[in-house]
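FYI, the numbering just counts along the sequence from 1.
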Amino acid sequence: MAAGPAGEVVAGCYEQVLLGFAALPAEPWTVVPDFTHHAHTASLSAVAVNNRYVVTGSRDETIQIYDMKKKVEHGALLQHNGTITCLEFYGTSHLLSGAEDGLICIWNTKRWECLKSIKAHKGHVTSISIHPSGKLALSVGTDKTLRTWNLVEGRPAFIKNLKQNAHIIKWSPDGERYVTVISNKVDIYRLDTASITGTITTEKRISSLRFITDSILAIAGDDETVRFYSCDSQKCLCEFKAHENRIKDIYSFEREGQHLIVTASSDGYIKVWNLDLNKIKDAPSLLCEVNTKARLTCLAVWLDQGSELKENCDKTATSSQANEDEKSSIVRKKKVCRTDRSDKTVKTDRKITPKKRKLETPLQKKKKKHSSSE
């Protein structure tokens, strides 16, 4: 197996830094510190990736963009007036962002224009998820609602009242079902009926959830354990101790038929696991780990398209991207930079900072700290 980088594990932390680790799929696997970047003035709260960019959201109310091909900072998006709570790409053309200001913003990633700024929830937006077709999105917020959005027309399509505030919403890879998370409970919905078909309850609050397949969920939360559940039977298929402290985020992707799980914990460790779906009842094997010595908050994996890596949930999105570019009418909107508290848009010439800075290597970071201490 080639020892070239398979991709980049990127993680945000309370220390206001984006951490990058090159994943080397040699035998044995290794995760090597690659870069650090101090772009935010507050802790990182969300991270998302597509085939070129990594975007991070923070409590400083900004979204920072990183060009992973060139390893440079690409700019900042300044639309929100609140902590950025969720970010999600749709293929290579669009990014959705949600924040505590109740807004969902739709961005064109070719020119980084804000195509639409929607007052989505009366409270905070806590989570968003885009349907694999790119035509629908779901969001949940602190107003106890689940909202369906027509992305082609940029308007609300359906509102469902919930008994409690949900903090996670996620589509399955095939788009036939979706799940909401309320504290320690996962409700599973069918798209065709919009009704709950089953519920999974855990002992601890759930902090992260990921579809491994169309019918298998990986769930992690305020303990050291990762659990795999069947969406059909709602039974726990496997559980294993992954860390020494609570798990903050979990990510999954495929490589050459392998199902890989990446976990990040409050203990500072990032770990990469190999899951054999044919032996789902067996615990995944640990491929490698790295101690970041940081208080981790969020995690994603930027996949090197030069290799044969394939993101778990991006199959349909890639195939339908051409149709989406033609059908989406929201791409005709004028670009805007920032909204004030009354949701009035202020037009500006640019909405990304033009300067581009290289991402620091860990060595450069150490030198910088040393010189400042003198």
Transitively linked via ILVMFWY side-chain contacts under 4.5 Å: [X] with [Y]?
X	Y	answer
V140	I182	no
L217	I206	yes
I247	I216	yes
V152	L136	no
F158	W171	no

So does [Y] get a backbone contact from the side chain of [X], meaning a donor-acceptor N/O pair under 3.5 Å?
X	Y	value
R147	A120	yes
T145	K160	no
T30	V32	no
T56	L44	no
E61	R59	no
T126	A166	yes
H243	N245	no
S208	A220	no
T213	S215	yes
T148	L138	no

Which heavy atom of [X] sits nearest a heavy atom of [Y], and at what distance?
X	Y	value
Q64	T62	NE2-OG1, 3.5 Å
G175	H131	O-NE2, 3.1 Å
P33	F21	CA-CD2, 3.5 Å
A48	L87	CB-O, 3.6 Å
S195	T193	OG-OG1, 2.8 Å
K116	I118	CG-CG1, 3.6 Å

Just how far is it from atom [atom1] of [X] to atom [atom2] of [Y], taken to the nearest 0.5 Å?
X	Y	atom1	atom2	answer
M68	L303	CE	CG	10.5 Å
T109	H94	OG1	NE2	7.5 Å
T36	L18	OG1	CG	9.0 Å
I188	Y229	CD1	OH	10.5 Å
C13	L299	SG	CG	12.0 Å
Q164	L162	CD	CG	9.5 Å

> Which residue pairs pass the salt bridge (charged side-chain N to carboxylate O under 4.0 Å, His left out) test with at least one member in residues 88-97, sequence neighbours excluded?
Replying inline: none

> Less than 6.0 Å separating the ring centroids of H37 and Y66?
Replying inline: yes

>> Taking the ring centre of each residue, are Y53 and W112 less than 6.0 Å apart?
In response: yes

A side-chain contact here means heavy atoms from C-beta on lying under 4.5 Å apart; do [X] and [Y] qualify?
X	Y	answer
L19	L296	yes
C231	F211	yes
T297	Y14	yes
S117	Q79	yes
I250	I261	yes
K248	S207	no
N184	T201	yes
D34	K71	yes

Could you tell me whether the side chains of [X] and [Y] share a donor-acceptor contact shorter than 3.5 Å?
X	Y	value
S127	H167	no
S172	D214	no
H74	D67	no
S97	H80	yes
T92	N50	no
H121	T142	no
T85	H124	no

Any Lys/Arg nitrogen of [X] or [Y] sitting under 4.0 Å from an Asp/Glu carboxylate oxygen of the other?
X	Y	answer
R246	E224	no
K110	E113	no
K119	D101	no

> Does a sphere of radius 6.0 Å around CZ in R177 hold more than 12 heavy atoms from other residues, nucleotides or ligands, not counting ones at 6.0 Å or beyond?
Replying inline: yes

Would you list the atom pairs, donor with acceptor, under 3.5 Å between side chains in residues 268-279 and any protein atom, with sequence neighbours excluded?
| residue | atom | partner | partner atom | Å |
| --- | --- | --- | --- | --- |
| K271 | NZ | A242 | O | 2.9 |
| W273 | NE1 | T263 | OG1 | 3.1 |
| D276 | OD1 | N278 | N | 3.0 |

>> Before you tell me yes or no, could you show the steps for W302 and K69 under side chain to side chain contact (heavy atoms under 4.5 Å, CB included), namely the whole-Å CA-CA distance, both residues' side-chain angles and the distance that decides it to 0.1 Å?
In response: CA-CA 10 Å; W302 175 76; K69 298 285 189 181; 4.3 Å; yes

> Can you check side chain to side chain contact (heavy atoms under 4.5 Å, CB included) on T180 and I168, steps first, answer last?
Replying inline: CA-CA 6 Å; T180 61; I168 298 175; over 6 Å; no

>> Assess the residue pair L260 and S252 against the criterion (side chain to side chain contact (heavy atoms under 4.5 Å, CB included)); give the C-alpha distance rounded to whole Å, side-chain angles, the decisive distance to 0.1 Å, and a yes or no.
In response: CA-CA 6 Å; L260 303 174; S252 67; over 6 Å; no

>> As a quick check of understanding, evaluate side chain to side chain contact (heavy atoms under 4.5 Å, CB included) for F89 and V54, giving each step before the final call.
In response: CA-CA 10 Å; F89 278 105; V54 169; over 6 Å; no

> Between Y251 and R210, is there a cation-pi geometry (under 6.0 Å to ring centre, at most 45° from the normal)?
Replying inline: yes

> Quick one: ring pair (Phe, Tyr, Trp, His ring centres under 6.0 Å) partners of Y189, sequence neighbours excluded?
Replying inline: Y178

